[in-house]
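What follows is a set of notes on a single structure, which appears directly below.
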Amino acid sequence: MNDCGVNRYRWGRLDIPSRPECVPVVRHAIARLAQQTSLSAEERGDLDLAVTEACANAVRHGSPQRERNTVCVAYFAGPDAVLVEIRDQGGGFSAAAKAPPAAGELRDGGYGIHIMRQVMDDVEIAWQGGTVVRLLKRRRQGRPGAPARGATLVAPGPGRLPVPA
Amino acid sequence: MDFSVATKDAALANGQPAVVAEVVGEVDVYTAPRLKDRLLQFEREGKRNIVVDLAQVGFIDSVGLGVLIGGLRRARAGGGTLVLAGPNPRIRRILDITGLSSAFTVVQDVPEALEALNREVAGSKPAAAQGGT
């Protein structure tokens, strides 16, 4: 059988009301999507966690009108990587100010961005009329069938996810 | 997945009361407030030696961690502590990533957690005796 790879890419968008109960819905949807990639269970778990952190931030800090705001989640999944973009309607924040926690330190918050950066291959945080968080998880190098070193997932456009019509 | 927190009373070797919160489900921005409510209830009831049993928790995020941190702070402020029992490898990894592995006492299961509480509160007087005389 000749596999031309057309069906190996999936993308889509999920818009949710900015409500806490919608966050696990996104997590479970992304988990199902990631199961169709070659990411390992651990890598998929990392993706679920980072998406949850970004969505929780969007609901808690990026929704000035609370439930009337929308959190937009777009995803692009290839065979060896998944890119997820979480976009809120908040006023943004300084990601640089969120220093990583020290061992044994008990903080009131600020763990979410640190966790995202630790478990993902790339995290981009920008402000484009709202906070936009882009999370990239690649299949680990060295496993059979893994992409060549240096390979990257490139979404169409200048760093933007494809948004289906 | 359904989320629940069941409470079981226990006693330490020195006679102090302890409480075990058995958490089932995923602890995230949606469910964490229910765990927080239960930990606040412990504080109101004067229960400051706490085991949070995570053996049936498949997922926890930073909001859930924040609730556990608040519980640990309140327990310590009352002269007790909060011990985590049975986290799966995924949760242990998150504790490591955040540096919280060295802030919490983390053990395999509830019996071991009660032993840890016994050690940590050994020598401390029962709460009712504190501040007396």
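Chain identifiers are assigned alphabetically (A, B, ...) following the order of the sequence lines, protein sequences preceding nucleic acid strands; residue numbering begins at 1 within each chain.
- Looking at B:D61, both its backbone and its side chain come within 4.5 Å of chain A, counting heavy atoms on both sides.
- Interface remark: B:I60 contributes backbone atoms only to the contact with chain A (heavy atom separation under 4.5 Å).
- Here B:A103 is the residue among B:S101, B:G70, B:A103 with the most heavy-atom pairs under 4.5 Å with chain A.
- Note on A:V82: it does not cluster hydrophobically with A:V132, by side-chain heavy-atom contacts below 4.5 Å among ILVMFWY residues.
- For residues 29-44 of chain B, the interface with chain A (any heavy-atom pair closer than 4.5 Å) comprises B:V29, B:Y30, sorted by residue number.
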- Message: Pair B:T98, A:R107 - check side-chain contact (heavy atoms from CB on, under 4.5 Å), show working.
- Response: CA-CA 10 Å; B:T98 52; A:R107 277 193 184 180; over 6 Å; no
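- Side-chain contact check for A:L106 versus B:R76: some heavy-atom pair is nearer than 4.5 Å.
- No single ILVMFWY cluster, assembled from side-chain heavy atoms under 4.5 Å apart, contains both A:L33 and A:V25.
- A pairwise comparison of heavy atoms in B:S102 and A:A103 identifies OG-C, 3.6 Å as the closest pair.
- Taking non-hydrogen atoms and a 4.5 Å limit, the residue list of residues 105-116 of chain B in contact with chain A is empty.
- Among all heavy-atom pairs drawn from B:R90 and A:L49, the shortest one is NH2-N, 4.2 Å.
- The line from CD of A:E105 to CD1 of B:I69 is 9.0 Å long, rounded to the nearest 0.5 Å.
- Annotation for A:R66: atom CZ does not count as buried by contact number, only 12 or fewer foreign heavy atoms lying within 6.0 Å.
- Both the backbone and the side chain of A:E21 come within contact range of chain B, with heavy atoms under 4.5 Å apart.
- Only the side chain of A:R27 has a heavy atom closer than 4.5 Å to any heavy atom of chain B.
- A heavy-atom distance below 4.5 Å is found between the side chains of A:H114 and B:I97.
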